[in-house]
Amino acid sequence: MVEIKLTNTRTRRKEAFVPIDPADVRMYLCGPTVYDRAHLGNARPVVVFDVLYRLLRHVYGSRHVTYVRNFTDVDDKINAAALARKEAGDPRSLEDLIRARTEETIGWYHADMDALGALRPDHEPRATDYIPQMIDMIADLIAKGHAYEAAGHVLFDVRSYPAYGQLSGRSVDDMIAGARVEVAPFKRDPMDFVLWKPSSGDLPGWDSPWGRGRPGWHIECSAMSAALLGESFDIHGGGIDLQFPHHENEIAQSCCAHPQADFARVWLHNEMLQVEGKKMSKSLGNFFTVRDLLDQGISGEVIRYVFLMTHYRKPMDWTAEKVREAEATLRRWRGIAGGVTQSGTAASEIVTAIADDLNTPEALAALHEMYRSITRLEHRIAYYEDEFPSVGDEIADFVTSAQALGLLLPEIGEWLEIADEVGERIMEIAIARRDARQARDFSTADRIRAQLEAAGVLIKDGPGGAIAWERGPNFDPDKLDGIL
RNA sequence: GGCGGGUUGGCGGAGAGGUUACGCAGCGGAUUGCAAAUCCGUGAAGACCGGUUCGAUUCCGGUACCCGCCUCCA
């Protein structure tokens, strides 16, 4: 069996991964707060974890992996978005507006992450469906002396958990020293955080032993992971910015509520995304969503490839140059993968690279080498004809290897596809051009080539009058009319 | 102030204490009516200063610079 190694934030080391139960490997990823379109930074952990999910399924079997990614649908930003609509004159109730907003955002999220070729998790729990579990957990924490009620809030008592700060490598005293937080007067310690807070009448709320209110930010993940994966599970991840306070607080809650359990054994954090060397932010004007890129004609597969070019634990810079490179590479790859339908075997170099702490750049390098060995063979076959065997098996293995990274999947290939009917039409034109070339009527041949290019079809002449073409960046089938 | 990460060839980006990463771009060649595509070949590196070592870009220490988190944030 392939040995998987992962860098565990908790121990700060790369460790061999040993599942609690190989028959049910369990992982949890902190998902989005559903108040708006997913921005590009939201997509990075989704792609990283998709690669991990595919790897685990490959190694342990697809029925032996459980992947949970939550939707946070209770949050002040959601309330604000709904309130803004109400103030803009929307007649619906605030509850309806919130529901509509979260439903809509989840739909967007699914569409955008599907476009990146990310598999849907096995469970996508919504926070609002787990309020009773959160209330139970909070009550349990109070009973165990780790939380207290004050001024209508319930707060976690960080001093009651000596290991607090271990994940992020900081002590409570250090944090207080450098803190820029406003300290609520009812807190016993400045670092105590909210488990439950009161809701006024115009905000969403649920009845609880502490009055009508809503959960704090961190408790949902503790409650949902316990409900769906158990008190101990294998992998928990998210962006490095979640390391503190979110994950630190999750650990405190879960480990105090379930002192006999491990909670998450391995913590994985991806580094942040930059855009042209700078942090993506609205104020710098370099902020954009996944949908913005898709609408610009950058396919989800290209976006995925750009992500995979950088190891997940390094900051990743999104640049136009990388997009160009990724697109050119995928065009070539899809160019040879086209007609192959047989299934292959993922190359061991690829699986080994991914298993080595998700080393996707190395996996891509191995794919480049596979590609080159195939084109080299194809070249020889084309020139010397039957002296070499078919490369069908090699291509099938290449495609299967790429699919281990979530690339070259049929469902994200539409950006290069051409409808059969249109393909026949192009073939007709290309044959006419070949005939003109063979008659040495180069002005006609060049005219046809230029017109095809204008329609976004790139002609690639092969030896001996072989015909090949590719769908270019500005493909427009309407412009094919009247070429002949 | 506290915690953490980074600095590799023109660009992107990995691994490994001693042997070509890989990709893009460039250059030379093949092929081609001409392009494109494709194929073959090829130069180029590891912030700075010390230390360990037969040997370090790779390990250790320091310096400089950059970045992230500490506040909603993937």
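Bear in mind the structure is a predicted one, so any value in this text is a computation, not a measurement. Labels below follow one simple rule: chain letters A, B, ... track the order of the sequence lines, proteins then strands, and each chain is numbered from 1.
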- Task: Could you name each residue pair satisfying salt bridge (Lys or Arg N to Asp or Glu O under 4.0 Å) that touches residues 289-304 of chain A, not counting sequence neighbours?
- Result: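 Matches after skipping sequence neighbours: A:D50-A:R304, A:D112-A:R291, A:R291-A:D295, A:E301-A:R334.
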Between atom [atom1] in [X] and atom [atom2] in [N], what is the gap in whole Å?
{"X": "A:D241", "N": "B:G4", "atom1": "CG", "atom2": "P", "answer": "18 Å"}
{"X": "A:M272", "N": "B:C67", "atom1": "CE", "atom2": "C1'", "answer": "11 Å"}
{"X": "A:N270", "N": "B:G4", "atom1": "CG", "atom2": "C1'", "answer": "15 Å"}

- Task: Please work out if A:R376 contacts a base, only the sugar-phosphate, or nothing of the nucleic acid, heavy-atom cut-off 4.0 Å.
- Result: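 It contacts sugar-phosphate atoms only.
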- Task: For nucleotides 11-24 of chain B, just jot down a letter per nucleotide in 5' to 3' order: B, S or -, based on protein non-hydrogen atoms under 4.0 Å.
- Result: -SSSS-----BSBS
- Item | Short side-chain N/O contact from A:W217 to OP1 or OP2 of B:C73, under 4.0 Å |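 Answer yes for this pair, as a side-chain N or O of A:W217 is under 4.0 Å from OP1 or OP2.
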- Message: What does the 5'-to-3' dot-bracket notation of RNA chain B look like when only Watson-Crick and G-U wobble pairs under 3.5 Å count, and pairs to other strands show as |?
- Response: (((((((..(((.....[...))).(((((.......)))))....(((((..]....))))))))))))....
- Task: Between B:G9 and B:A45, how far apart are the C1' atoms? Round to whole Å, please.
- Result: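 One C1' to the other, the span is 4 Å.
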- Taking atom P in both B:C48 and B:A64, compute the distance separating them and give it to the nearest angstrom.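 One P to the other, the span is 16 Å.
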- Hey, is A:R159 close enough to A:D192 for a salt bridge, meaning N to O under 4.0 Å?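 Looking at A:R159 and A:D192, the cut-off is not met.
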- Just wondering, do A:V68 and A:S225 contact through their side chains at under 4.5 Å, heavy atoms?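 No, their side chains stay 4.5 Å or more apart.
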- Query: Can you tell if the side chain of A:M27 reaches within under 4.5 Å of the side chain of A:F233, non-hydrogen atoms only?
  - Reply: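 No, side chains not in contact.
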- Message: Quick one about A:T72 and A:E220 (side-chain donor to acceptor, distance below 3.5 Å, no hydrogens or angles considered), yes or no?
- Response: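 Their side chains do contain a donor-acceptor pair, which is all the 3.5 Å distance test asks for.
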